[in-house]
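Presented below is the structure to which this report refers.
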Protein chains: 2
Amino acid sequence: MTDGVVERSRPRDRILETARDMFHKHGIKGVGVDAITEAAGTNKMTLYRHFESKDELIVECLRANAAKAGAMWDAFEAEFPGDKLAQLHAWVRRAAAMLNADGRGCDMANAAAELTEPDHPARLVIKELKEAQRERLVALCRGAGIGQAELLADTLSLLFEGARVSVQTVGAEGPSTQFVRMAEGLIVSFRGAAAG
Amino acid sequence: MTDGVVERSRPRDRILETARDMFHKHGIKGVGVDAITEAAGTNKMTLYRHFESKDELIVECLRANAAKAGAMWDAFEAEFPGDKLAQLHAWVRRAAAMLNADGRGCDMANAAAELTEPDHPARLVIKELKEAQRERLVALCRGAGIGQAELLADTLSLLFEGARVSVQTVGAEGPSTQFVRMAEGLIVSFRGAAAG
DNA sequence: CTAGGGTGTTACCGGTCTGTAACTTCCAGA
DNA sequence: TCTGGAAGTTACAGACCGGTAACACCCTAG
């Protein structure tokens, strides 16, 4: 009931969406396939007809997350076409909004914390997404005319990543409240360094 | 065998130490009490004579981590008595060393990712330790004569936290390689702001 | 030497986990 | 209306989980 999301759509989509939601809320190892299928209004057999294992379901969920993240970046470009600096500021606002969304951190980071086997198929997806995110942030910084684009991008991404785990450990009233100020200050500082 | 640590000491200590090690490596939900006691060279009954539940064992492990972290801060004070700026630099070096220690992130953050129940006893320990760490970092920044001590401390702590999850997701060759440069740059920048 | 507490051993409980088999029901397209 | 595939249902396998009971052992303090 609390994890509902049982709109009428194809079972595979319902399972995927429900699993994403429940993994996010309760962690991957904290949710069994039975609970997922029940919340999705279907059953275990149907799940195993569409996904060959729970691990594959996990991977598919993470891929869906990656796709959603990709769409976010595209939305920035659509909203401020060509204006990379404006897109960078949009990213900061968007990141800050995520911090206040709920007390859970990044699904990718959480999955990496749980899936400790070094050759787990999910680790590849996680790494790919994180590297893609970094490249897009670097591209924004570079496009915004910032000299040390990689360094700023890495700094901003570590700050954001840190802020997300901070809300998960000490809550939304901790150091993460300063995220926007930090990020904006860094952007100003790096732009100043490029100009001066 | 890989998770050995079976020196001859009192069973309780062996269990605690082994559990800490295995929780760190494989995650909390990824390790059962049977595996812990076997690696500690003892048995499940002995575990339950010293800890009333797995949850209590978890809490005790996190407390041990907190104690070790506290000792680290005391070591800074012992090495550079009174010189808060030197202690701050020592913290940066120490933090960087932790990044290259192994691919696993902060035990507290990982535990927070796994233990999603909002009233889990471990969450209190996690929050307390993180807040204590923040206060000690703020004290160092303030003692070093930095004007916006809280802001610098929060920035450094988010950077470090982010770097730890970064090594866990993309590996040690990702953005975390720039951690020292970022941190030292920030310290210089904040000191300059105080002077000017 | 003896008593007693800490420890080890074995077996077990009820529950949950991922994953499968065999069968029934439903529904859309021809 | 017929048919074939997708979906639902029930039951189960085999493993593991946290936690407990009952009992044998050993080692040290008195």
Side-chain angles (χ1 to χ4, degrees), chain A residues 2-23 25-62 110-111 114-117 119-122, chain B residues 2-23 25-62 111 114-117 119-123:
Chain A
T2 61
D3 294 310
V5 197
V6 196
E7 328 101 9
R8 281 301 106 177
S9 55
R10 292 171 48 235
R12 188 182 193 280
D13 299 335
R14 273 180 289 149
I15 290 170
L16 204 57
E17 201 59 28
T18 308
R20 247 160 48 83
D21 182 56
M22 294 182 76
F23 286 157
K25 285 181 187 161
H26 312 298
I28 291 174
K29 303 220 172 149
V31 177
V33 291
D34 263 325
I36 293 171
T37 54
E38 189 191 334
T42 176
N43 54 73
K44 198 157 48 166
M45 270 315 302
T46 300
L47 188 153
Y48 281 103
R49 284 191 192 106
H50 289 288
F51 307 93
E52 76 167 9
S53 66
K54 184 186 181 182
D55 277 349
E56 193 190 284
L57 174 61
I58 293 167
V59 167
E60 230 50 50
C61 285
L62 294 179
N110 288 347
E114 286 198 79
L115 309 174
T116 63
E117 306 99 326
D119 56 348
H120 192 289
Chain B
T2 60
D3 293 312
V5 197
V6 196
E7 328 101 10
R8 281 298 104 179
S9 55
R10 312 224 328 279
R12 189 182 194 280
D13 299 334
R14 273 181 289 150
I15 290 170
L16 204 56
E17 202 58 28
T18 307
R20 247 159 49 84
D21 182 56
M22 295 182 76
F23 286 156
K25 285 182 187 161
H26 313 298
I28 291 175
K29 302 218 173 151
V31 177
V33 291
D34 264 323
I36 293 170
T37 54
E38 189 190 335
T42 177
N43 54 69
K44 198 156 50 167
M45 270 315 302
T46 301
L47 187 156
Y48 281 102
R49 285 187 191 110
H50 290 288
F51 306 93
E52 75 168 10
S53 67
K54 185 187 181 182
D55 276 349
E56 194 190 283
L57 175 62
I58 294 167
V59 167
E60 231 50 51
C61 285
L62 294 179
E114 286 198 80
L115 309 173
T116 63
E117 306 97 326
D119 56 349
H120 192 288
R123 298 201 72 87

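First the proteins, then the strands, lettered A, B, ... as listed; each starts at 1.
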> What are the two closest non-hydrogen atoms of Asp13(B) and Ser9(B), and how far apart are they?
Replying inline: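 Looking at all heavy atoms of both residues, the closest pair is CB-OG, 4.3 Å.
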Would you mind reading off the distance between [X] atom [atom1] and [N] atom [atom2], rounded to a whole angstrom?
{"X": "Arg10(B)", "N": "dC27(D)", "atom1": "CZ", "atom2": "C1'", "answer": "15 Å"}
{"X": "Ile15(B)", "N": "dG18(D)", "atom1": "CD1", "atom2": "P", "answer": "14 Å"}
{"X": "Asn43(B)", "N": "dT20(D)", "atom1": "CG", "atom2": "P", "answer": "14 Å"}
{"X": "Lys29(B)", "N": "dG18(D)", "atom1": "NZ", "atom2": "P", "answer": "11 Å"}
{"X": "Arg14(B)", "N": "dG8(C)", "atom1": "CZ", "atom2": "C1'", "answer": "11 Å"}
{"X": "Leu47(A)", "N": "dT9(D)", "atom1": "CG", "atom2": "P", "answer": "15 Å"}
{"X": "Glu38(B)", "N": "dC16(D)", "atom1": "CD", "atom2": "P", "answer": "12 Å"}

Using nucleotides 18-20 of chain C, report all nitrogen or oxygen pairs with the protein that are shorter than 3.5 Å.
unit_1, atom_1, unit_2, atom_2, d
dT18(C), OP1, Lys54(A), NZ, 2.9
dT18(C), OP2, Val33(A), N, 2.8
dG19(C), OP2, Tyr48(A), OH, 2.9
dG19(C), OP2, Lys54(A), N, 2.7
dG19(C), N7, Lys44(A), NZ, 3.1
dG19(C), O6, Lys44(A), NZ, 2.3

>> Check the phosphate of dT7(C) against His50(B), side-chain N and O only, distance under 4.0 Å to OP1 or OP2. Yes or no?
In response: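 True: His50(B) side-chain N/O within range (under 4.0 Å) of dT7(C) OP1/OP2.
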>> Looking at dG8(D), I'd like to know if its phosphate oxygens (OP1 or OP2) sit under 4.0 Å from a side-chain N or O belonging to Thr46(A).
In response: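 Checking dG8(D) against Thr46(A), a side-chain N or O does come within under 4.0 Å of OP1 or OP2.
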> Can you list the residues that meet the salt bridge (Lys or Arg N to Asp or Glu O under 4.0 Å) rule with Arg123(B), with sequence neighbours excluded?
Replying inline: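 Here no residue qualifies.
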With a 4.5 Å heavy-atom cut-off, do [X] and [Y] have their side chains touching?
{"X": "Arg12(B)", "Y": "Glu60(B)", "result": "yes"}
{"X": "Phe51(A)", "Y": "Val33(A)", "result": "no"}
{"X": "Leu57(A)", "Y": "Ile36(A)", "result": "yes"}

Distances under 3.5 Å between nitrogen or oxygen atoms of protein and nucleotides 3-5 of chain C:
none

>> Between the base of dG6(C) and the side chain of Arg12(B), is one N or O donor paired with an acceptor at under 3.5 angstrom?
In response: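 No pair found.
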> How would you list, by chain and number, every residue that makes a side-chain hydrogen bond (donor to acceptor under 3.5 Å, both in side chains) with Asn43(A), sequence neighbours excluded?
Replying inline: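 side-chain hydrogen bond (donor to acceptor under 3.5 Å, both in side chains) list for Asn43(A), sorted by chain: Thr46(A).
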>> Taking salt bridge (charged side-chain N to carboxylate O under 4.0 Å, His left out) as the cut-off, I'd like each qualifying pair that reaches into residues 43-58 of chain B, sequence neighbours left out, listed once.
In response: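 Counting only pairs at least two positions apart or across chains, the salt bridge (charged side-chain N to carboxylate O under 4.0 Å, His left out) contacts touching residues 43-58 of chain B are Asp34(B)-Lys44(B).
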> Are the charged groups of Arg14(B) and Glu17(B) less than 4.0 angstrom apart, N to O?
Replying inline: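 Looking at Arg14(B) and Glu17(B), the cut-off is not met.
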> Counting N and O atoms only, with roles assigned by atom type, does the side chain of Glu114(A) sit under 3.5 Å from a partner on the main chain of Lys29(A), one being a donor and the other an acceptor?
Replying inline: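 Checking the backbone N and O of Lys29(A) against the side chain of Glu114(A), a donor-acceptor pair under 3.5 Å is found.
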> Closer to the 5' end of DNA chain C via nearest nucleotide, is it Arg49(B) or Arg49(A)?
Replying inline: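 Its nucleotide being nearer the 5' end, the pick is Arg49(B).
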